[in-house]
Enquirer: 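Here it is, the structure in full.
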2 protein chains.
Amino acid sequence: MTQTNEHCNAAETLQGAGLSQTTQRMAVLEIIIKADGPLSAADILNRTDPKQKINKVTIYRILSSFKERRIIRELPTDQGMNLYEMACRHNPIHPHFYCKTCRIMSCLPPLTLSQAMDWFAGSNAFRIDDVHVNLSGVCRRCRE
Amino acid sequence: MTQTNEHCNAAETLQGAGLSQTTQRMAVLEIIIKADGPLSAADILNRTDPKQKINKVTIYRILSSFKERRIIRELPTDQGMNLYEMACRHNPIHPHFYCKTCRIMSCLPPLTLSQAMDWFAGSNAFRIDDVHVNLSGVCRRCRE
DNA sequence: AATTGGTTTGCAATTGAGTTGCACTTAATG
DNA sequence: CATTAAGTGCAACTCAATTGCAAACCAATT
């Protein structure tokens with residue numbers, strides 16, 4: 001499964017989120033929109049125009065503001081880094097598969113967990129070693 | 001939901017995994033067994049006997065060998081660190097809830113994802129901001 | 001056009017989780 | 001006990017991510 005973000009427009013997305021259209025924000029957002037899977041901050045840096053290299057701090061700050069405004073989703077890995085993907089209406093929440101060897105994270109169909117597990121049990125596309133399901137937010141005690 | 005590891009025995013677990021029963025491995029495993037939720041490496045270090053502080057490198061190496069032998073599961077967070085929980089038969093794979101404010105990860109009932117979402121929609125125990133589902137292992141291309 | 005003030009960016013330095021190399025110590029076995 | 005491989009501690013290091021601060025940019029006035 002590849003991401004289906006072709007419909008997302010960088011300029012409109014920024015405007016809709018109330019963010020000004022700076023060169024750097026546009027560049028980062030377009031890289032994420034064009035990606036065929038979740039990217040790390042380093043991946044994004046590598047894909048920026050070499051003639052106008054964006055500082056890595058700027059990339060982290062842009063990712064942070066995009067995440068805050070729910071333009072993108074942040075996907076933690078057990079390799080000590082986060083990956084990012086579009087969170088637009090064309091790309092609903094879905095499971096991912098992370099290959100420990102090539103370190104590429106691929107998107108899976110937006111099935112329920114049980115459906116996904118059944119599907120995988122019947123396929124031999126991947127060897128599944130770990131399953132992580134994590135919800136995050138604020139617990140009742142912290143909301144009071 | 002609290003972990004139900006009371007039935008796990010540290011010495012037996014190590015023996016079953018073919019690991020020798022060193023003081024440090026026993027201490028780390030007992031801390032994880034007694035925990036009421038996933039712990040970070042730092043959490044474990046803090047809970048070791050102050051009179052026999054275990055080196056942090058040792059803790060990382062122990063966690064790594066436990067993970068490799070599937071004694072524990074590793075749970076990535078978006079805070080740049082991993083948490084660990086027992087992977088024994090008394091503690092099957094289940095979803096987690098991570099509170100971004102108090103930074104405590106709690107275990108949820110081992111429902112399917114869709115059941116869990118329905119359950120949460122009807123409760124007001126947590127405010128859910130993010131849902132992550134991640135499978136990891138080795139993809140077909142890397143297996144060849 | 002120049003001024004102002006807030007936002008954004010770049011750079012250098014820092015933090016903190018996790019790792020590595022190597023010497024020392026310990027546990028399992030004979 | 002004695003041997004030896006396995007395990008541990010310490011110091012130094014790696015690398016993703018963050019912080020502080022100064023410079024650059026941008027929009028909206030005078």
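Values below: all heavy atoms of this structure, side chains included; hydrogens, waters and symmetry mates excluded. Here is the naming used below: chain letters follow the sequence lines, and residue numbers restart at 1 for every chain.
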Enquirer: Tell me which nucleotide among C:dT8, D:dT19, C:dT20 gets nearest to the side chain of A:R25.
Expert: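 Of the options given, the side chain of A:R25 lies nearest C:dT8.
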Enquirer: Which of residues 59-78 of chain B sit near DNA chain C, with a heavy atom under 4.0 Å from it?
Expert: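 B:Y60, B:R61, in order of number.
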Enquirer: How about A:M86 and A:I72: do any of their side-chain heavy atoms sit closer than 4.5 Å?
Expert: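 They are in side-chain contact.
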Enquirer: Please state how far atom CG in B:L14 lies from atom C1' in D:dG7, giving the value in whole angstrom units.
Expert: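 Interatomic distance, CG of B:L14 to C1' of D:dG7: 13 Å.
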Enquirer: Going by side-chain contact (heavy atoms from CB on, under 4.5 Å), name the residues that satisfy it together with A:D43, two or more places apart in sequence or in a different chain.
Expert: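 So A:D43 forms a side-chain contact (heavy atoms from CB on, under 4.5 Å) with A:L39, A:S40.
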Enquirer: Between N or O atoms, less than 3.5 Å apart, protein on one side and nucleotides 23-25 of chain D on the other: list the pairs.
Expert:
none

Enquirer: In whole angstroms, how far is the P atom of D:dT18 from the CE atom of B:M81?
Expert: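 Result: 13 Å.
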Enquirer: Remaining members of B:V57's ILVMFWY cluster at a side-chain heavy-atom cut-off under 4.5 Å?
Expert: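 Hydrophobic cluster check, B:V57: no partners found.
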Enquirer: Just the rounded figure in Å: distance from C1' of D:dA12 to CG of B:N55.
Expert: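 Rounded to the whole Å, the gap is 13 Å.
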Enquirer: Enumerate all atom pairs, one protein N or O and one N or O from nucleotides 27-30 of chain C, separated by less than 3.5 Å.
Expert:
unit_1 : atom_1 : unit_2 : atom_2 : d
C:dA28 : OP1    : B:Q21  : N      : 3.2

Enquirer: Which whole-number value in Å describes the distance from B:M26 CE to C:dT26 P?
Expert: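 From B:M26 CE to C:dT26 P: 18 Å.
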Enquirer: Name the closest nucleotide to the B:A41 side chain, picking from D:dG7, C:dG18, C:dG10.
Expert: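 Of the candidates, C:dG18 comes closest.
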Enquirer: Taking side chain as C-beta onward, heavy atoms only, is B:F66 less than 4.5 Å from B:L14?
Expert: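 A side-chain contact exists here, since the closest heavy-atom pair is under 4.5 Å.
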Enquirer: Between A:L45 (CG) and D:dA17 (P), how many Å, whole number?
Expert: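 These atoms are roughly 12 Å apart.
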Enquirer: Would you give me the side-chain donor-acceptor pairs under 3.5 Å for residues 15-30 of chain A, sequence neighbours excluded?
Expert:
unit_1 : atom_1 : unit_2 : atom_2 : d
A:S20  : OG     : A:R25  : NH2    : 2.9
A:T22  : OG1    : A:R25  : N      : 3.1
A:R25  : NE     : A:S20  : O      : 3.1

Enquirer: Is a side-chain donor or acceptor of A:H94 paired with a backbone partner of A:P92 at a separation under 3.5 angstrom?
Expert: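 Such a contact is found between A:H94 side chain and A:P92 backbone.
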Enquirer: What is the distance, to the nearest angstrom, from the CD1 atom on B:I44 to the P atom on C:dA17?
Expert: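 Interatomic distance, CD1 of B:I44 to P of C:dA17: 13 Å.
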Enquirer: For D:dA17, does either OP1 or OP2 sit under 4.0 Å from a side-chain N or O belonging to A:N82?
Expert: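 Yes, A:N82 has a side-chain N/O under 4.0 Å of OP1/OP2 on D:dA17.
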Enquirer: Answer yes or no: is there a donor N or O on one side and an acceptor on the other, between the side chain of B:N46 and the main chain of B:A42, under 3.5 Å?
Expert: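 It does hold such a pair.
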Enquirer: If the condition is salt bridge (Lys or Arg N to Asp or Glu O under 4.0 Å), which residues does B:R61 pass it with, not counting sequence neighbours?
Expert: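 Applying salt bridge (Lys or Arg N to Asp or Glu O under 4.0 Å) to B:R61 gives none.
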Enquirer: Sort and list the pairs that fulfil side chain to side chain donor-acceptor pair (under 3.5 Å) and have at least one residue in residues 62-74 of chain B, not counting sequence neighbours.
Expert: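 Sorted result for residues 62-74 of chain B: B:K67-B:E74, B:R73-B:E85, B:E74-B:N82, B:E74-B:Y84.
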Enquirer: What residues join B:L83 in its hydrophobic cluster, counting side-chain heavy atom gaps under 4.5 Å, either direct or through other members?
Expert: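 Noted: B:L83 shares its cluster with B:L75, B:M81, B:Y98, B:M105.
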Enquirer: Return the value, rounded to whole Å, for the distance between atom NZ of B:K56 and atom P of C:dT20.
Expert: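 Nearest whole value for this atom pair: 13 Å.
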Enquirer: Applying side chain to side chain donor-acceptor pair (under 3.5 Å), name anything that partners B:T77, two or more places apart in sequence or on another chain.
Expert: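 Partners of B:T77 by the side chain to side chain donor-acceptor pair (under 3.5 Å) criterion come out as none, since no residue qualifies.
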